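By convention in this document, chain letters (A, B, ...) are assigned in the order of the sequence lines, proteins followed by strands, and residues within each chain are numbered from 1. What you see is a predicted model, and the numbers here were worked out from it, not measured in a lab.
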Amino acid sequence: DQQVKQNSPSLSVQEGRISILNCDYTNSMFDYFLWYKKYPAEGPTFLISISSIKDKNEDGRFTVFLNKSAKHLSLHIVPSQPGDSAVYFCAASGGSQGNLIFGKGTKLSVKP
Amino acid sequence: DTGVSQDPRHKITKRGQNVTFRCDPISEHNRLYWYRQTLGQGPEFLTYFQNEAQLEKSRLLSDRFSAERPKGSFSTLEIQRTEQGDSAMYLCASSLAPSGRVAYEQYFGPGTRLTVT
């Protein structure tokens with residue numbers, strides 16, 4: 001039973017355009033959501049997060065949107081750059097222990 | 001470098017052997033997590049420590065797995081009698097949880113890739 005789903009295994013975008021990565025979740029107890037970026041042979045790098053009391057959080061080129069009623073969040077990258085090419089993981093958390101539940105990831109390719 | 005470090009980065013072992021991995025978290029972080037990642041999957045939670053206390057273990061952590069964080073600083077993860085199904089990337093992460101609050105942002109190390117032949 002996958003609680004966090006990233007239904008697109010891959011996404012290809014032209015440099016300078018917008019990248020939109022999507023994530024759905026099933027557990028209504030989740031109250032915090034995070035995006036991580038992962039390059040090959042490295043650990044995941046924290047990118048941006050959002051609390052369930054907000055519907056948008058922005059950090060430079062990265063914006064995360066949360067739609068609680070649809071149990072859906074998305075990461076927007078504008079403008080996309082070739083260095084953004086990586087696997088992006090959506091993660092969710094709820095409860096005092098703070099452990100993260102990850103999706104399977106979306107591989108983003110940004111072409112020059 | 002003040003990030004999370006893991007040692008070794010790669011480990012190849014024969015089935016049935018024991019292996020031990022080490023994680024050094026960010027120095028002021030009081031929480032330490034272990035995850036496992038297999039090909040095509042996201043990281044899966046194994047266990048976590050608040051200071052030296054192991055507070056949660058996933059059902060993925062069989063009896064062959066044991067983790068310690070003896071002085072609330074570095075941690076070790078030992079796998080006894082390794083099986084081919086143990087082949088994976090083992091990731092360590094740390095966070096700083098202020099008293100009475102949850103810290104969600106976790107910072108990951110580079111991982112230890114285990115291959116069991």
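Other residues, nucleotides and ligands contribute only 12 or fewer heavy atoms inside 6.0 Å of the CD atom of B:Glu68. Residue-environment remark: CZ (B:Arg64) exceeds the threshold of 12 foreign heavy atoms within 6.0 Å. Heavy atoms of other residues, nucleotides or ligands lying less than 6.0 angstrom from CD1 of B:Ile12 number 12 at most.
No continuous path of hydrophobic side-chain contacts links A:Ile101 to A:Phe89 [ILVMFWY only; heavy atoms under 4.5 Å]. Note on A:Phe33 and B:Phe108: separate hydrophobic clusters, where clusters join Ile, Leu, Val, Met, Phe, Trp and Tyr whose side-chain heavy atoms are under 4.5 Å apart, directly or indirectly. Two different hydrophobic clusters hold B:Met89 and B:Trp34 under the rule that ILVMFWY side chains link at heavy-atom gaps under 4.5 Å. One hydrophobic cluster holds both B:Phe49 and B:Leu60 under the rule that ILVMFWY side chains link at heavy-atom gaps under 4.5 Å. The hydrophobic clustering, which links ILVMFWY residues whose side-chain heavy atoms are closer than 4.5 Å, places B:Leu55 and B:Tyr33 together.
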Verdict with supporting geometry, A:Tyr32 and B:Glu105, side-chain contact (heavy atoms from CB on, under 4.5 Å):
CA-CA 10 Å; A:Tyr32 208 85; B:Glu105 284 84 2; 2.7 Å; yes

Could you go through the ring-ring contact (aromatic ring centres under 6.0 Å, His included) check for B:Phe45 and A:Phe102 one step at a time?
CA-CA 9 Å; B:Phe45 168 73; A:Phe102 284 84; over 10 Å; no

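Here the side chains of A:Lys38 and B:Gln37 are in contact, with some heavy-atom distance below 4.5 Å.
With B:Arg9 contributing its side chain and A:Ala41 its backbone, the two residues share a donor-acceptor pair below 3.5 Å. Here the side chain of B:Tyr35 pairs a donor or acceptor atom with the backbone of A:Leu100 at under 3.5 angstrom.
Separation of atoms CD (B:Gln106) and CG (A:Leu34) is listed at 8.0 Å; rounding is to 0.5 Å. Note that OH of B:Tyr107 is 7.5 Å distant from OH of A:Tyr36, once rounded to the nearest 0.5 Å. Here the straight-line distance linking atom CG of B:Leu46 with atom CG of A:Asn99 works out to 10.5 Å at 0.5 Å rounding.
Scanning residues 45-74 of chain A against chain B with a 4.5 Å non-hydrogen threshold yields A:Phe46, A:Ser49, sorted by number.
Counting heavy-atom pairs under 4.5 Å between each of B:Pro43, B:Ala93, B:Gly111, B:Ser58 and chain A puts B:Pro43 at the top.
With a threshold of 4.5 angstrom between heavy atoms, B:Leu91 approaches chain A through side-chain atoms but not through N, CA, C or O.
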